[in-house]
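The structure under discussion appears below in the form of structure tokens.
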Amino acid sequence: MNRISLIDNRLFRRRVFRRRVFISAVLCALLTLLPGKAILIADEMGVLVQQFHTLLQKQGATGKRVAEARKLDQQSRKAFAAGNHQQAKLLLEEAIGLLGSGQALVSDVVPTASFLEIKPVLVNPQHRVNQQTFDSPFGLFGPYELFIDGHESLPHERIDQSFSGVVPGVSPANSGSEKMDRLVCQFQNLLAGEKNRGRDVTEVEKLDTMSREALADGRADEARYLLEKAVQKLSAHAPPAPAVSPLHPGSANSRTPVVSKQDINQYLTDLQVPWVQEMVFNINELPGAVNVYSRVGREGGLTPPGNDLDSYARALRKFIVTSRHRVKYYEADTEPSGFPPPVGWQGYPEQYAAFLRTTYQTIKEECPDCQVVLGGMVGVGPADEGMVDRKSQHLQFLRTILAHGAGRYFDVFSFKQHHNMAVDYRSIGARMAAYRAIFADYNIELDTIPVFLETAAYNGTPGYPDGNPLSFITLSPQSEREQAAALVKLYIYALSLGIDKIFWNGVVERHDFGGFKGNPFNFYGLVNNPKNDGESHQKLAYYTYQKMIETFASADWQGMKTVRDDKNICMYSIPLKLPLHSRSGGKKKNKKIWVVWSDTGQQKAVTIGAIQSSRVRISSSVPLYDSGAEVASLQKAQKRQKRFYLKEVRVHKRSITVQAGAVPLYIEEL
């Protein structure tokens, strides 16, 4: 061995020794000086220090990423020396994230329960919150939910599998018997249906109680027999139902994806969509310019009613550490009142309230500026009066969680509004009124809370088959033009009510969602799914959505005003953060855009006053075609404008008159 090799070897051993001494010193100091919770931080800090130095050796001593990681490490040491132990931990985790170069953190640092499989997702450091579009109200829901490079998205596979697995905390499913597990799920779904129909379920509930008691005494066969008897009694009264629940995603084999993530990213880039609601597993697939709103809970592997919240919190903490620089909104599960366990929290509002509290506290500890969203309230259709009936199980669920203190553990309220025809947008107002009244009962003013909405309208002829629980919803055929017009009305009307962000469901049409072709969720997308009807073009709604984002890119939504809202005409004015040209050199004022439409089925003359500009541009919000297949290439902006352009007119006495119809018009000051 030559002299240089000996020197290198000694230096290496000295570095290893120093690292071990540093790790030991950190652990000893923490364990000696800090009680309780700090001991946990000590354990985590020791593991993180070791992991950091291991990654540092693999990366080498040069490179921009390594230099940034070293700076974070120095900041971590200073924070630790100053007593800011939590900050030191977060800084070192961020340094590890940089060195990980797209790979997740070590998954076995904190053990989790077997049914919890939230894994930390290391978001690309270049993907950060886009402050320029952060306040934008325009969003899309789950573009990767069903389509990822020819594979099903993991959250739905988990939900499918949960029907054949143990349901933690729900007796008698803890027997471990697959047959018993399925029997429990069947019983709970049938029981919920009978309760919704107002039937007396006293007898079957007694059988369920006897079954639980028998199981507790070790009499598994008797427990199963009693529950089977209860299911038979419920089945005798229940209407025939499909093998797969109407809102359940169905078999993983029933929908073969037809687009890749590259296709989806191209759509998102083309649309210039500012916001996407995406599942935790897929957020790193999104383009860097898109803001992300994600879910935690069921989509992260927690099975309702979530009896192991400590393990869930530890797993959630690891995910937040790696995503907090991009994800600022976390929805605490979704539609919690929609289904009984294991696919929902129906019948377990107290447990959901506890889950929400744990989620809120965990997120705020790791990311104080992150916002917790109350799981989106069910919205199966404007025809369902149960959505606004204060006695409905869904609103009772909301009441119960608020009674258990849920109001202290969320920052944003959210709800769903689906199955919309073009004239159904006003149902959003009825829903908001119902929620506002319930919140007021618990001294919460809904108008002071940010509100998110997930919604969509369809084209084509969807419908639920006879015997389906949602077969009462009647949906008339709608054209692409009607769907596109509904899109604008849903967004503009929701914004006029004070709703802050609206997410359209979704980018590409689903196929056989819920197990049958007529499911309305197969008809919502902005892009056709060729497996449905052989068509694969972008719909008129696609170009309408794109035009809407471009038109209102600089809108000041705080200044939006409802000019007219009656049975004949809807008119709204939205100021833009763009100055008008002033020939006289006087004080400049901001431009305005008016959005106008009529729901009468006929053209109506509408006068717009108080116009500050001498000229205005009048455009259609929907392309002047019958189908997206007719729309030309989007490569040239000039051609794009001609698809919507009607005319420019001179303003006389500060007013103009336009002919408003079913398709909203944009009137823009020039």
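All residue numbers in this chain count up from 1 along the given sequence. Computed over heavy atoms, backbone and side chain alike; hydrogens, waters and symmetry mates excluded.
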Do Trp275 side-chain atoms and Phe134 backbone N/O form a donor-acceptor pair below 3.5 Å? yes
Check whether any side-chain heavy atom of Phe452 sits under 4.5 Å from a side-chain heavy atom of Gln277, and report yes or no. no
I'd like to know if the side chain of Arg510 reaches the main chain of Gly525, judged simply by a donor and an acceptor atom lying under 3.5 Å from each other, with no hydrogens or angles considered. no
Do you know which two heavy atoms are closest between Leu540 and Tyr625, and how far apart they sit? CD1-O, 3.4 Å
Any side-chain heavy-atom pair from Val507 and Val276 closer than 4.5 angstrom? no
Taking the side chain as every heavy atom from C-beta outward, state whether Met421 and Tyr458 have any atom pair closer than 4.5 Å. yes
Does Ser136 offer a backbone N or O that forms a donor-acceptor pair with the side chain of Lys501 under 3.5 Å? yes
side-chain contact (heavy atoms from CB on, under 4.5 Å), that's the test. Do Met377 and Phe413 meet it? Break it down for me. CA-CA 9 Å; Met377 296 293 104; Phe413 176 67; 3.7 Å; yes
Would you check if Phe397 and Val378 make a side-chain contact, meaning some heavy-atom pair closer than 4.5 Å? no
Between Ser536 (side chain only) and Pro530 (backbone N and O only), is there a donor and an acceptor less than 3.5 Å apart? no
Under the 3.5 angstrom rule, does the side chain of Asn420 hit a backbone N or O of Ala456 as a donor-acceptor pair? yes
Interatomic distance, CG@Leu286 vs OH@Tyr144, rounded to 0.5 Å, equals 4.5 Å
About how many Å separate CG of Asn505 and CG of Leu140, when rounded to the nearest 0.5 Å? 9.5 Å
Check: Pro520 and Leu475 side chains under 4.5 Å, non-hydrogen atoms: yes
Are Phe415 and His394, when compared by the centres of their aromatic rings, separated by less than 6.0 Å? no
Residues passing the side-chain hydrogen bond (donor to acceptor under 3.5 Å, both in side chains) test with Thr334, sequence neighbours excluded, are Glu331, Lys416
Is any side-chain heavy atom of Arg643 less than 4.5 Å from a side-chain heavy atom of Tyr543? no
If you take all heavy atoms of Ser620 and Leu624, which pair is closest and at what distance? CB-CD2, 3.8 Å
Can a side-chain donor-acceptor contact be found between Asn291 and Thr133 if the only test is distance below 3.5 angstrom? yes
Using a cut-off of 6.0 Å, state whether more than 12 heavy atoms not belonging to Gln659 lie near its atom CD. yes
Quick one: ring pair (Phe, Tyr, Trp, His ring centres under 6.0 Å) partners of Tyr545, sequence neighbours excluded? Tyr491
Between the NZ atom in Lys592 and the CG atom in Asp556, the distance rounded to the nearest 0.5 Å is 11.0 Å
Quick one, Ile667 and Ile618 - any side-chain contact, counting heavy atoms below 4.5 Å? yes
Can you name the closest pair of heavy atoms from Ala660 and Val606 and give their distance? CB-CG2, 3.8 Å
Which atom pairs, donor and acceptor, lie under 3.5 Å between side-chain atoms of residues 557-565 and protein residues at least two apart or in another chain?
from	atom 1	to	atom 2	distance (Å)
Arg564	NE	Asp566	OD2	2.8
Asp565	OD1	Arg426	NH1	2.8
Asp565	OD1	Arg426	NH2	2.7

Enter the distance from Gln417:CD to Leu453:CG here, rounded to the nearest 0.5 Å. 7.5 Å
Do you know which two heavy atoms are closest between Gln483 and Ala457, and how far apart they sit? NE2-O, 3.1 Å
Say whether, by atom type as modelled, one donor and one acceptor occur between the side chain of Ser471 and the main chain of Tyr464 under 3.5 angstrom. no
For Glu482, is there any backbone N or O sitting under 3.5 Å from a side-chain donor or acceptor partner on Ser479? yes
side-chain hydrogen bond (donor to acceptor under 3.5 Å, both in side chains) against Glu668, all qualifying residues, sequence neighbours excluded: Arg617
Quick one: pull up OG in Ser598 and CG in Leu665 and give me the separation to the nearest 0.5 Å. 10.5 Å
Please enumerate all residues that pass side-chain hydrogen bond (donor to acceptor under 3.5 Å, both in side chains) together with Lys539, with sequence neighbours excluded. Asn459, Glu509
Name the residue from Phe141, Phe513, Phe516 that meets the ring pair (Phe, Tyr, Trp, His ring centres under 6.0 Å) definition with Phe521. Phe513
Would you check if the side chain of Ser414 reaches a backbone N or O of Leu374 as a donor-acceptor pair within less than 3.5 Å? yes
Pairs satisfying ring pair (Phe, Tyr, Trp, His ring centres under 6.0 Å), at least one member in residues 648-670, at least two apart: Phe552-Tyr666
What pair of heavy atoms forms the shortest contact from Gly661 to Gln603, and how long is it? CA-NE2, 3.7 Å
Side-chain donor-acceptor pair present, Glu630, His537, cut-off under 3.5 Å: no
Looking at Trp597 versus Tyr572, is the centre-to-centre ring distance below 6.0 Å? yes
For the backbone of Lys577 and the side chain of Asn590, can you confirm whether one donor and one acceptor N or O come within less than 3.5 Å of each other? no
What I'd like to find out is whether the side chain of Val451 reaches to under 4.5 Å of the side chain of Met432, using heavy atoms alone. yes
Taking the six-membered ring where the residue is Trp, are the ring centres of Tyr293 and Phe503 under 6.0 Å apart? yes
Does Gln272 use its side chain to pair, donor to acceptor, with the backbone of Gln546 at less than 3.5 Å? no
Does a salt bridge link Asp333 with Arg295, judged by any charged N lying under 4.0 Å from a carboxylate O? no
Ignoring hydrogens, what is the shortest heavy-atom contact between Leu670 and Lys591? Give both atom names and the distance. C-CE, 4.4 Å
